[in-house]
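Note sheet for the following structure.
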Amino acid sequence: MSEDNYKKLCSRGKINKIVTGGGLGNKAQVEFDSIPERFKIGVVKKLGIPPKKNSQNLILNYYKVDYQAVDFFSYYLLDEYRTLAPEKQDEYVRNAQMLQAVELFIKETLAFVKSRNGKRGLTDIWNDAAKAVSDVKDQIGHSLPKSARRLKEKLEDFNKDGYSSLISENFGNKKASKVKDTQQEALLRTLLRDHRTFDNEQIALIYNSVAKLQQFPELSASTIGNYRKKWNLLVMAGTKGEKGFDEKVAMQITRSAPSIPMAYWTVDGWDAELLYQKTGANLKGDNTTTYHHRLTIVVVLDPFNKYPIGYAIGTHENPKLIHEALRNAVKHTEELFGKKHKVLQIQSDRYSIKKLTPFYKMVSTDFTPARAKNSKTKVIEPWFKFFNKKYCQLAPNWSGQGVKSKVQPNDEYLNKIRHSFPDEEGCFMQLTRMIELERERLQEDYLNAYREIPDNTLKIVEQKEYLIHFGETTGYTNKLSHDGLVVAINGRKRKYESFDENFRMNAHLDWTIKFDDDNLQEVLAYNTEKNISFILTQKYVQPMAIYDQTDEDDEERLKVRAFNKGLKALVLDTQAADSRKVNQMFIQNPELDNTLAKMLIVDSRGQHKDQRNAKRVDTGRKLLEKQNKKIERQEHQSWEDQQMDYLNKKMDFTKFLNNE
């Protein structure tokens with residue numbers, strides 16, 4: 001037992017202190033029989049039963065510790081789901097141990113008398129047992145009856161019903177209870193859990209109408225209220241639904257905050273408790289100003305230190321606003337860390353989940369939507385209460401802490417100052433400033449913790465991926481021209497190019513342009529039909545005058561020339577490869593000699609009829625090799641010379657004109 005508990009038991013006389021512990025080397029001593037039974041068990045386990053004085057009653061020789069009785073009464077639940085008081089537990093344990101001692105005393109005394117051919121009857125033995133039990137009542141602390149008849153009945157009940165027979169019916173008002181029958185309980189619980197949520201008066205009226213016919217005791221409204229509390233677990237789901245049951249009654253899972261930043265984000269929207277005024281036409285067409293409007297803010301929160309990593313503000317929650325908040329979160333990671341980052345895990349509710357899932361998956365490695373109707377999984381909801389109290393409540397246009405909250409502003413005063421409420425833009429600026437203040441407060445801790453994150457844990461968002469999901473569009477498509485892709489963004493024409501030769505291979509396609517207003521140096525050209533995309537960079541503008549040119553200009557010119565040279569080499573390589581393959585095809589297939597294609601596709605000498613002769617196959621191969629060598633030598637010639645030379649040697653159109 002604790003020291004405090006020991007002192008209380010001594011002061012109340014529950015423990016009889018024989019020797020005090022005052023003085024050097026002295027130890028306190030207490031009377032063993034005065035120690036409460038629940039503690040006496042531990043003493044006996046460790047030291048054994050202390051020796052009894054010779055003057056003690058012989059029945060004490062049969063008095064043994066019953067550990068099962070201790071366990072039974074310690075965990076016994078009353079009908080109100082309460083446990084027995086410690087004093088009652090001790091009393092019932094002593095009674096159980098005393099009854100067991102009486103039973104042993106009777107059996108051994110009766111056997112002893114019979115072995116000696118004694119004439120004492122069972123009645124006399126019971127009388128002796130009753131007297132012995134009465135003599136040790138103060139010493140043991142039991143509450144068994146004094147008469148032999150009552151003691152015998154008590155032992156019979158104990159042998160029949162066990163330890164529970166010793167518990168008084170007065171506990172839990174068993175005698176006074178008006179609902180004892182299982183049918184009564186079932187009827188009352190059915191009414192209590194009805195989805196129409198009857199009050200206690202209504203249930204009393206309905207229940208008593210049945211009770212009269214069934215001869216049940218009638219119940220008052222207050223009694224029904226007590227049963228409503230008692231059976232709350234069993235009836236709440238009917239009146240509050242599964243959501244209410246999960247939030248109020250069901251066991252909750254306790255979770256700890258992430259140990260590092262960028263490990264977990266949660267997303268949700270909230271109608272900010274800030275009022276703004278708005279002027280618009282009413283039903284009659286007249287301009288009217290109203291003052292009850294509120295903006296909605298969607299926040300992406302990192303629970304590591306509850307840092308608002310992303311947010312978006314609008315008139316109401318919708319997929320577009322959530323999309324903007326996710327976009328803001330990714331962009332803010334670039335502002336914080338120098339590069340756009342993904343989070344390892346993101347959680348949201350299931351609002352518009354099909355439409356928003358691609359964006360959730362883009363910003364995270366693992367998207368885990370919250371279970372339906374389980375708001376407690378989102379730690380962001382308590383954060384909104386904190387944000388409302390810390391920032392919004394300080395504003396004069398604060399509207400309260402929710403409809404159900406008792407903390408509300410003075411409505412009369414709000415009505416007086418309603419003309420000073422900000423408009424929609426002013427309220428927008430209020431919320432923006434509040435979020436930025438909260439970011440400033442937490443940012444240093446957030447950055448310091450980020451520096452400790454292992455590099456292999458961080459996930460970077462590529463620019464192409466970001467623009468595909470979060471880029472804005474111009475609303476129309478563009479085609480590649482000789483001057484690049486000319487795009488009008490925000491009323492200004494800009495030119496974009498790509499050093500990827502595959503982009504020019506698809507110059508015939510229509511391109512949708514996606515861009516980020518904060519970085520117009522790069523845009524994404526995307527074709528929906530082919531499902532291909534390219535990152536384009538804004539074209540470098542060269543100065544006309546040599547006087548204005550710099551080293552950077554020279555580098556950019558060389559870069560363009562090198563790219564164009566590579567394109568030309570690609571064209572020539574393709575032409576040469578095509579020529580070799582076509583000539584080989586005609587050499588291997590003489591039957592193609594009479595076709596129209598054969599008339600146009602001639603060898604390097606302008607001869608095609610002679611190819612009919614199979615004997616010239618070897619000569620043709622040699623000529624083909626010679627032609628390839630010539631093409632290689634021509635790589636140093638200008639682009640225009642190469643094209644004209646190629647056409648002059650491969651196709652002599654004058655032959656066909658002369659034939660006419």
Side-chain angles (χ1 to χ4, degrees), residues 298 310 312-315 318-334 339-340 342 352-364 367 460-542 556-557 559-571 574 639:
V298 173
I313 303 169
T315 56
N318 53 46
K320 182 180 178 182
L321 196 64
I322 297 172
H323 176 268
E324 289 179 10
L326 294 172
R327 180 174 179 265
N328 180 262
V330 175
K331 290 186 69 172
H332 189 52
T333 60
E334 186 175 31
K339 292 183 178 180
K340 296 182 180 71
K342 290 186 178 185
S352 196
I353 190 169
K354 289 185 179 179
K355 189 172 184 178
L356 291 171
T357 293
F359 303 107
Y360 288 133
K361 289 184 175 180
M362 179 264 154
V363 302
S364 66
F367 169 48
I460 305 301
V461 177
E462 298 297 334
Q463 184 69 357
K464 178 184 286 190
E465 188 178 18
Y466 172 78
L467 289 174
I468 286 176
H469 288 88
F470 294 116
E472 300 178 55
T473 61
T474 59
Y476 53 87
T477 59
N478 298 81
K479 271 193 175 182
L480 181 64
S481 67
H482 67 283
D483 210 16
L485 209 63
V486 182
V487 185
I489 299 177
N490 298 330
R492 179 184 171 187
K493 287 187 177 182
R494 302 172 187 270
K495 299 176 182 179
Y496 292 92
E497 274 287 9
S498 172
F499 284 93
D500 188 338
E501 60 187 26
N502 292 312
F503 177 62
R504 277 187 142 60
M505 291 287 290
N506 292 279
H508 60 288
L509 297 178
D510 290 323
W511 299 100
T512 298
I513 303 303
K514 291 196 172 186
F515 63 92
D516 181 359
D517 257 335
D518 295 332
N519 179 19
L520 293 177
Q521 287 298 115
E522 290 185 329
V523 298
L524 181 78
Y526 180 77
N527 181 270
T528 306
E529 183 181 354
K530 297 291 185 179
N531 195 26
I532 55 176
S533 59
F534 297 92
I535 288 288
L536 309 182
T537 57
Q538 193 165 359
K539 288 194 69 171
Y540 188 87
V541 180
Q542 289 280 350
E556 288 296 326
R557 281 196 300 273
K559 189 176 177 181
V560 172
R561 288 170 181 170
F563 177 72
N564 288 335
K565 184 178 180 181
L567 285 180
K568 294 173 183 179
L570 173 65
V571 172
T574 305
W639 171 251

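Starting from 1, each residue takes its place in the sequence as its number.
Each salt bridge (Lys or Arg N to Asp or Glu O under 4.0 Å) pair with one or both residues in residues 495-504, not counting sequence neighbours, appears once here: Asp483-Lys495, Glu497-Arg504.
Ring geometry for His323 versus Phe470: interplanar angle of 30 to 60°, hence tilted.
Salt bridge Glu334/Lys340: present, at least one basic N to carboxylate O contact under 4.0 Å. Glu462 and Lys342 are not joined by a salt bridge, as no carboxylate oxygen comes within less than 4.0 angstrom of a charged side-chain nitrogen.
If you check the side chains of Tyr496 and Asn478, you find no donor sitting under 3.5 Å from an acceptor. Residues Asn490 and Asp517 bring a donor and an acceptor atom of their side chains to less than 3.5 Å of each other.
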**side chain to side chain contact (heavy atoms under 4.5 Å, CB included) between Leu326 and His469, intermediate numbers included** = CA-CA 10 Å; Leu326 294 172; His469 288 88; over 6 Å; no
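Checked against side chain to side chain donor-acceptor pair (under 3.5 Å), Asn506 has no partners two or more places apart in sequence or in another chain.
A pairwise comparison of heavy atoms in Ala488 and Thr474 identifies O-CG2, 3.7 Å as the closest pair. Residue Lys514 comes nearest to Leu467 through the heavy atom pair CD-O, 3.2 Å, listed as atom of the first residue, atom of the second, then distance. Ser498 and Leu536 make their closest contact through CB-CD2, 3.4 Å (heavy atoms, listed as atom of the first residue, atom of the second, distance).
Checked against a 6.0 Å centroid threshold, the rings of Phe503 and Trp511 count as neighbours.
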